[in-house]
Amino acid sequence: MSHQQWTAVDHYFTDLLTPADEALTAALRDSDAAGLPQINVAPNQGKFLQLLAQIQGARRILEIGTLGGYSTIWLARALPSDGRLITLEYSPVHAEVARGNLARAGLDKITEVRVGPALESLAALNVEHPEPFDLVFIDADKANNPHYVEWSLKLTRPGSLIIVDNVVRSGAVTDAASTEPSIQGTREALELIARHPKLTGTALQTVGVKGYDGFALARVLD
């Protein structure tokens, strides 16, 4: 099956099950206009994240890696009116685009974009002793994935869900000899999920408009 076929199937699923609206379309348009990389989740993947948050009954969500806020919109729409989403973004330019997109979507009152290196933002967040997050979506620099999983454990509760995006790396995740930081970081994160006594998880491969990739899901145990 070719990439062209994967893309056609994704378009069929998206048109049928995930119709676009103005806020989402504008978020992508403004991200492109600002020169942001086109690495946001696909629409059907965004809907999948939203459904996971709704199934989880999430009231508090932490996102590591904001980009233009496209996935943030999907996740925030799953929250109740008294919910809260904090998203961490390294680039001030990306963060400004995301804030505009979230405001247009009417989500600025329940979302907060924090700017800076994610590991520093996570340490600062931990000092605040926040209410535990019900769901964490990790989609930032892959070299730090194991650190992001470790911080997620500190900031969640038993029953929380941790999602790590882009774990297949076009199949390169199987290369134990790779010196590529994104491969090493992804493998270490998966190995951490596998061995940690407070985590149970799995990983799935995906194909579609984003190519060949996948994600990991982990649940925090008692």
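- The closest donor-acceptor contact from the side chain of Asp21 to the backbone of Leu24 lies under 3.5 Å.
- Looking only at distances, a side-chain donor or acceptor of Asn101 sits under 3.5 Å from a matching main-chain atom of Gly68.
- At least one side-chain heavy atom of Leu75 sits under 4.5 Å from a side-chain heavy atom of Phe137.
- None of Leu135, Leu88, Ile138 except one satisfies the side-chain contact (heavy atoms from CB on, under 4.5 Å) rule with Leu62; the exception is Leu88.
- Proximity of a side-chain donor or acceptor of Lys198 to a complementary backbone N or O of His196 within less than 3.5 Å is not detected.
- Cluster annotation: Leu85 is not connected to Ile64 through the hydrophobic network of ILVMFWY side chains, with a link wherever side-chain heavy atoms come within less than 4.5 Å.
- Inspection of the Gln184 and Thr179 side chains reveals no N or O donor paired with an N or O acceptor under 3.5 Å.
- A salt bridge between Asp222 and Arg157 is absent, with no side-chain N of the basic residue lying under 4.0 Å from a carboxylate O of the acidic one.
- In this structure, the side chain of Gln5 engages the main chain of Ser2 through a donor-acceptor pair within 3.5 Å.
- Nearest heavy-atom pair, Gly171 versus Tyr212, reported as atom, atom and distance to 0.1 Å: N-CE2, 3.6 Å.
- Taking every heavy atom of both residues into account, Val115 and Arg99 meet most closely at CG2-NH2, 3.6 Å.
- Side chains of Asp141 and Tyr148: a donor on one and an acceptor on the other come within 3.5 Å.
- The closest side-chain heavy-atom distance from His3 to Thr7 is below 4.5 Å.
- The hydrophobic cluster containing Ile162 also contains Ile86, counting ILVMFWY residues as joined when their side-chain heavy atoms lie under 4.5 angstrom apart, directly or transitively.
- Here Arg29 pairs with Glu22 in a salt bridge; the nearest charged N to carboxylate O distance falls below 4.0 Å.
- Within the hydrophobic cluster formed by Ile, Leu, Val, Met, Phe, Trp and Tyr side chains joined at under 4.5 Å, directly or through other members, Ile55 stands alone, with no partner residue.
- At least one side-chain heavy atom of Arg60 sits under 4.5 Å from a side-chain heavy atom of Pro130.
- Between Asp82 and Arg59 a salt bridge is recorded (basic side-chain N to carboxylate O distance below 4.0 Å).
- Looking only at distances, no side-chain donor or acceptor of Thr66 sits under 3.5 Å from a matching main-chain atom of Gly69.
- Looking at every heavy atom in both residues, Leu79 comes nearest to Ala58 through CD2-O, 3.5 Å.
- Put simply, the side chain of Ser31 reaches to within 4.5 Å of the side chain of Val97, judged on heavy atoms.
- Closest of all the heavy-atom pairs between Leu67 and Glu89 is N-OE1, 2.8 Å.
- Arg169 and Asp175 are not joined by a salt bridge, as no carboxylate oxygen comes within less than 4.0 angstrom of a charged side-chain nitrogen.
- Residues Ser178 and Glu180 bring no donor and acceptor atom of their side chains to less than 3.5 Å of each other.
- Considering only heavy atoms from C-beta on, Asp134 stays 4.5 Å or farther from Glu131 through its side chain.
- Cluster annotation: Phe215 and Phe13 are assigned to distinct hydrophobic clusters (Ile/Leu/Val/Met/Phe/Trp/Tyr, side-chain heavy-atom contacts under 4.5 Å, transitive).
- Closest heavy-atom contact between Leu190 and Ala216: CD2-CB, 3.8 Å.
- Closest approach of Arg187 to Ala176, counting heavy atoms only: NH2-CB, 3.3 Å.
- In this structure, Thr186 contributes its side chain and Ile183 its backbone to no donor-acceptor pair below 3.5 Å.
- When atom types are taken as modelled, the side chain of Glu191 and the backbone of Pro146 share no donor-acceptor pair closer than 3.5 angstrom.
- A donor-acceptor distance shorter than 3.5 angstrom exists from the side chain of Ser160 to the backbone of Phe133, with no hydrogens or angles considered.
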- [ ] Could you check Thr87 against Glu112 for side chain to side chain donor-acceptor pair (under 3.5 Å), going step by step and ending with a plain yes or no?
- [x] CA-CA 6 Å; Thr87 182; Glu112 178 186 358; over 6 Å; no
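- Two residues are said to be in side-chain contact when any heavy atoms from C-beta on lie closer than 4.5 Å; Val136 and Ile61 fail this criterion.
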Table please: side-chain donor-acceptor pairs of residues 33-48 below 3.5 Å, with sequence neighbours left out.
residue : atom : partner : partner atom : Å
Gln38   : NE2  : Asp32   : OD1          : 3.2
Asn44   : ND2  : Asp10   : OD1          : 2.9
Gln45   : OE1  : Ala42   : N            : 2.9
Lys47   : NZ   : Leu17   : O            : 3.3

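- For the side-chain contact (heavy atoms from CB on, under 4.5 Å) test, no residue two or more places apart in sequence or in another chain qualifies with Ala194.
- Looking only at side-chain heavy atoms (C-beta outward), Val173 and Val167 stay at 4.5 Å or farther from each other.
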